[in-house]
Amino acid sequence: MAMAKFVAVLILALITISFLQAMAMASHGHGGHHYNNGGKYGPGSLKSYQCPSQCSRRCGRTQYHKPCMFFCQKCCAKCLCVPPGYYGNKAVCPCYNNWKTKEGGPKCP
C-alpha cells in the first residue's frame, strides 16, 4: 500500500515538472512560432538596401536563380520583407505571401 502511494506521488511530481517546464519554454518564445525573433522577419523588417542580400539568401539554393532574384527583389521592395529560409515560411510576411500573379499564383518566391 505504501509503495502504491509512493508511485502515485512520483508520477504526479513528474507530470507537474513536465507541465512547469513546458510553461517556462512557452513563455521564453520556444514553444510557438519558429521565427519569432524580435522583428528580424515580418512586414517592414527590412530597409530597401537590404533586399539584394536577403534575396540572395532566399534564392541561394534554387536552380532558377535569376528569376527568383528578380521576383524576390520586386517583392522585397514592395513589402520590405523576405521570409526566412530558402522556401516556404511566407506566413511571417503577409504582403509577400498574398501578392499574386494575374493567374492567381504566388508572385513572390
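All values below come from the heavy atoms of this structure, side chains included, with hydrogens, waters and symmetry mates left out.
Annotation: side chain of Pro106 is in contact with side chain of Lys90 (closest heavy-atom distance under 4.5 Å).
Contact record, Ser48 with Leu80: N-CD2, 3.9 Å, taken as the closest heavy-atom pair. Heavy atoms only, all atoms of each residue included: Val82 and Leu46 are closest at N-CD1, 3.7 Å. Nearest heavy atoms, Trp99 versus Cys108: CE3-SG, 3.8 Å. The shortest heavy-atom contact between Asn97 and Lys100 is O-NZ, 3.3 Å.
Here the options are Cys76, Cys93, Cys75, the test is side-chain contact (heavy atoms from CB on, under 4.5 Å), and the partner is Cys81; only Cys93 passes.
A donor-acceptor contact shorter than 3.5 Å is absent between the side chain of Tyr96 and the backbone of Lys78. Although no hydrogens or angles enter the test, the distance criterion places no donor-acceptor pair under 3.5 Å between the side chain of Asn89 and the main chain of Pro83.
When the SG-SG distance for Cys72 and Cys55 is compared with the 2.5 Å cut-off, it comes out below that value.
Clustering of Ile, Leu, Val, Met, Phe, Trp and Tyr by side-chain heavy atoms under 4.5 Å joins Tyr87 with Tyr86.
For Gln54, the side-chain hydrogen bond (donor to acceptor under 3.5 Å, both in side chains) test picks out Arg57, with sequence neighbours left out.
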